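Heads up: the structure comes next, in structure tokens.
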Number of protein chains: 2
Amino acid sequence: MNVSDFEQRRNKILSVVIEAYVASAVPVGSELVARRLRPSVSSATIRNVMGELEEAGLLEQPHTSAGRVPTDRGYRLYVDSLMDVPWFSREQVMEMTHRLHGEESEVEQLLGRAGGLLTELAQQASFILAPTVKRTALRQIELVPLGVRKVLCVLIGDQEETYASHVVELIEPLSREEVLALVRFINTQLTGLPYRDVVDSLERRLIAETDSFYHLVKRSLDILQHALSTEPEERLLLEGASYIVAQPEFRRDPGKAHRLLKGLEDAESLMEQVRSDLTTDRVRVRIGRELPLAGYEACSYVAAPFVVEGRVLGGVGVLGPTRMDYPRVSALVEAVARSIASILGRGPAA
Amino acid sequence: MNVSDFEQRRNKILSVVIEAYVASAVPVGSELVARRLRPSVSSATIRNVMGELEEAGLLEQPHTSAGRVPTDRGYRLYVDSLMDVPWFSREQVMEMTHRLHGEESEVEQLLGRAGGLLTELAQQASFILAPTVKRTALRQIELVPLGVRKVLCVLIGDQEETYASHVVELIEPLSREEVLALVRFINTQLTGLPYRDVVDSLERRLIAETDSFYHLVKRSLDILQHALSTEPEERLLLEGASYIVAQPEFRRDPGKAHRLLKGLEDAESLMEQVRSDLTTDRVRVRIGRELPLAGYEACSYVAAPFVVEGRVLGGVGVLGPTRMDYPRVSALVEAVARSIASILGRGPAA
DNA sequence: TTTAGCACTCTATCTATACGAGTGCTAATA
DNA sequence: TATTAGCACTCGTATAGATAGAGTGCTAAA
């Protein structure tokens, strides 16, 4: 038996342990692994190998006389090189896409359905990182006067259906004519500018200009600054928190569940993490301690971006205990992300 | 001792039991009650009275040799006639109002802060029933063309800062001129109409009219129908789900927690319930089985509407186990509701 | 009417014990 | 040299019995 054969068997055994543990949530013993292994081997041999796997830091024992449980590193190896991600059939993908199309074709509703679908199919909590105007570029704005000192500022982004409205209170009254002038000014001078840079750009102009534009720039700045300051960079739609509590690991230790839910309440930090993970067009898996967020100690997520015309518009993901069916969930998350991308890409619900 | 004295003592004892149980989450025995009672009585007497209270269905024993626990009916009597709701000092109210005012003055942010405040002070989950355009009357609409067959429909309500935007896909292209005509038509012909009636009204006109208006009515109907169909009647902002899991009753029985979180996911039914409870300007308390919602078996909520100029704009509430500090939570919920109302009433953040 | 006293009930806790799952090691085996 | 049968050992879990303690309801006396 050469080295490669050795490796292969080790890996196979690791996979069996992980898959059995994922299915049962109970530490896996050598006997069970031996029974599952294709070329029949004795449990004693398995024990030796499992000992090695433990020394390698891929498995661990809850206590001396228990079976083995995968470590974060064990899952990592499995996810990176061992698991095979199932393929969904054309029909299944069609079915999913069909379910994502629904009565209402707005992006908001589409993402809501996607969350529901993920949660239902994965039987886990799911999250969706939804695009907001603020990450796009200014395509158009509209001002709707609501009173002399109050105006609704409608921001429209250059990507599919990104828009937002914000009420802005003004110190100085704003006349009808001024509104028209402002809209014209902004829609001619600032289009194409990323929303994030709009305020900076206006501030710079304010310093430079002293001419007749000054007033326009000043007022635009006032309004856009306020409108943009209340607009979040992203939104996180979370669904299926109840599934967290239902998992055996969290039932056994309600404190763990509490900490996770507590952590989830600070959506900000999860968003940050997910965003930084979704820069490429790939499924990302974060396992246990790889997630440096308070409360997520025993959790993993699988996330994938939806990419339209080369741009990452947002992402979807499934969140659960480290004991997660990574192959299945990965396939699921990727399929849903692709479905969303294809729906968004093809524009209006066909 | 006359009948009234009897009653008074019974009630006093019920109150003591409830307050002790709320504080400790442990069944309350006669000894403890005797020690707390002002005019010193023996535990034997208390036992007799507690026996009566049990017969009356206000207390119950988890098992023969345990102390007593309040029933839903016991809490109900306590809430209706026995508890005294604490008063917040002027300073405390100011402090709260101050915390509700924040950097951002939009209603959305205000309500978000209110939820955070409630959750933090009550150490329980809180919810907020937020007003939407759909429950107000049409004050103005604006149409922003996003493409030849796509338009952003901005709905503005006749109440403080109620508005919404929806993208509407059109079958037929829409020209600039048509947009102007439509906006003019809607903003002159339909203002003041409750949004709920807008579609009906247009449909009736569609049947009646065959003249030149027909086209306008038809297209308005198309757009408004789509825009309104995706607009919810209400929104429910839920916060502090983690506190639910932290409560001892739910820690002991994770299944209960799971059922409640599951129930919470269907925000629709909770909204319905809360809305129907908040028709008057009063704090409403729902105790245990009085909430006919699946999953809420061992839960109560305390809710209060925020009322501006005689109209119920929305509501706030605290949700937790039936073992809740009703006096404190009631005071809290009412104070927050009033604060919100006063901020909304006085218009822009003063 | 109240209360001291007491027997009774039931749970929670502890201990002891047995059980069994799973391990690691050793020695025999192919 | 790799594998495996065998076995002693460990340790968690399940079971049962004993104990303590909290709280009750009842009775009889004050």
Side-chain angles (χ1 to χ4, degrees), chain A residues 1-10 12-14 16-18 20-21 24-56 58-71 248-249 251-253, chain B residues 1-10 12-14 16-18 20-21 24-56 58-71 248-249 251-253:
Chain A
M1 218 179 215
N2 61 40
V3 181
S4 159
D5 279 352
F6 257 119
E7 283 254 323
Q8 227 172 319
R9 193 173 65 180
R10 255 182 53 149
K12 179 65 188 162
I13 289 174
L14 179 60
V16 170
V17 171
I18 289 180
Y21 181 65
S24 71
V26 162
V28 181
S30 56
E31 196 69 44
L32 183 117
V33 176
R35 274 203 306 274
R36 295 229 172 152
L37 227 51
R38 280 273 292 103
S40 204
V41 241
S42 81
S43 62
T45 312
I46 305 291
R47 276 202 289 283
N48 290 331
V49 181
M50 282 169 83
E52 290 168 36
L53 286 167
E54 180 159 17
E55 260 181 73
L58 302 172
L59 294 180
E60 66 187 352
Q61 287 182 284
H63 56 264
T64 327
S65 73
R68 256 86 171 196
V69 160
T71 61
E249 27 272 279
R251 298 206 142 210
R252 277 182 218 131
D253 180 357
Chain B
M1 221 179 211
N2 61 39
V3 181
S4 158
D5 280 350
F6 258 119
E7 284 255 321
Q8 228 171 318
R9 191 173 67 180
R10 256 184 51 153
K12 179 65 188 163
I13 289 172
L14 178 61
V16 170
V17 171
I18 289 180
Y21 182 65
S24 71
V26 162
V28 180
S30 55
E31 196 70 45
L32 184 117
V33 176
R35 274 203 305 276
R36 290 222 179 159
L37 228 51
R38 279 269 294 104
S40 203
V41 243
S42 81
S43 63
T45 311
I46 304 292
R47 276 201 289 285
N48 289 331
V49 181
M50 283 169 83
E52 290 169 35
L53 286 168
E54 178 159 18
E55 260 182 70
L58 303 171
L59 294 180
E60 65 187 353
Q61 288 181 283
H63 56 264
T64 328
S65 73
R68 256 87 171 195
V69 160
T71 61
E249 27 272 278
R251 297 206 143 208
R252 275 181 220 133
D253 180 356

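All figures in this text were calculated on a predicted structure; none of them were measured in a lab. Atom set for the values below is all heavy atoms of this structure, side chains included, hydrogens, waters and symmetry mates excluded. First the proteins, then the strands, lettered A, B, ... as listed; each starts at 1.
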Subject >> B:Arg36 to B:Ala20 - nearest heavy-atom pair and separation >> reply: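 Of all heavy-atom pairs spanning B:Arg36 and B:Ala20, the closest is NH1-CB, 3.9 Å.
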Original post:
Which letters describe nucleotides 18-30 of chain C, given B = protein heavy atom under 4.0 Å from base, S = only from sugar-phosphate, - = neither?
Top reply: ---BSBB------
**OP:** Report the residues that fulfil side chain to side chain contact (heavy atoms under 4.5 Å, CB included) with A:Val69, sequence neighbours left out, ordered by chain and then residue number.
**Re:**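 Scan of A:Val69 (side chain to side chain contact (heavy atoms under 4.5 Å, CB included), adjacent residues dropped) gives A:Tyr21, A:Pro27, A:Pro62.
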Could you work out, with salt bridge (charged side-chain N to carboxylate O under 4.0 Å, His left out) as the rule, every residue matching [X], not counting sequence neighbours?
X: A:Glu249; result: A:Arg323
X: A:Glu31; result: none
X: A:Glu52; result: none

**OP:** To the nearest Å, give me how far apart CZ (B:Arg252) and C1' (C:dA12) are.
**Re:**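 Atom CZ in B:Arg252 sits about 13 Å away from atom C1' in C:dA12.
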**OP:** Please state how far atom CD1 in A:Ile46 lies from atom P in D:dA5, giving the value in whole angstrom units.
**Re:**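 Whole-Å distance recorded here is 12 Å.
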**OP:** For the helix from C:dT1-D:dA30 to C:dA30-D:dT1, measure the angle between the helix axis at one end and the axis at the other, each built from five pairs, rounding to 10°.
**Re:**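 Answer for the end axes of this duplex: 20°.
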Which residues share a side chain to side chain donor-acceptor pair (under 3.5 Å) with [X], sequence neighbours left out:
X: A:Ser24; result: none
X: B:Ser43; result: B:Arg47
X: A:Glu60; result: none

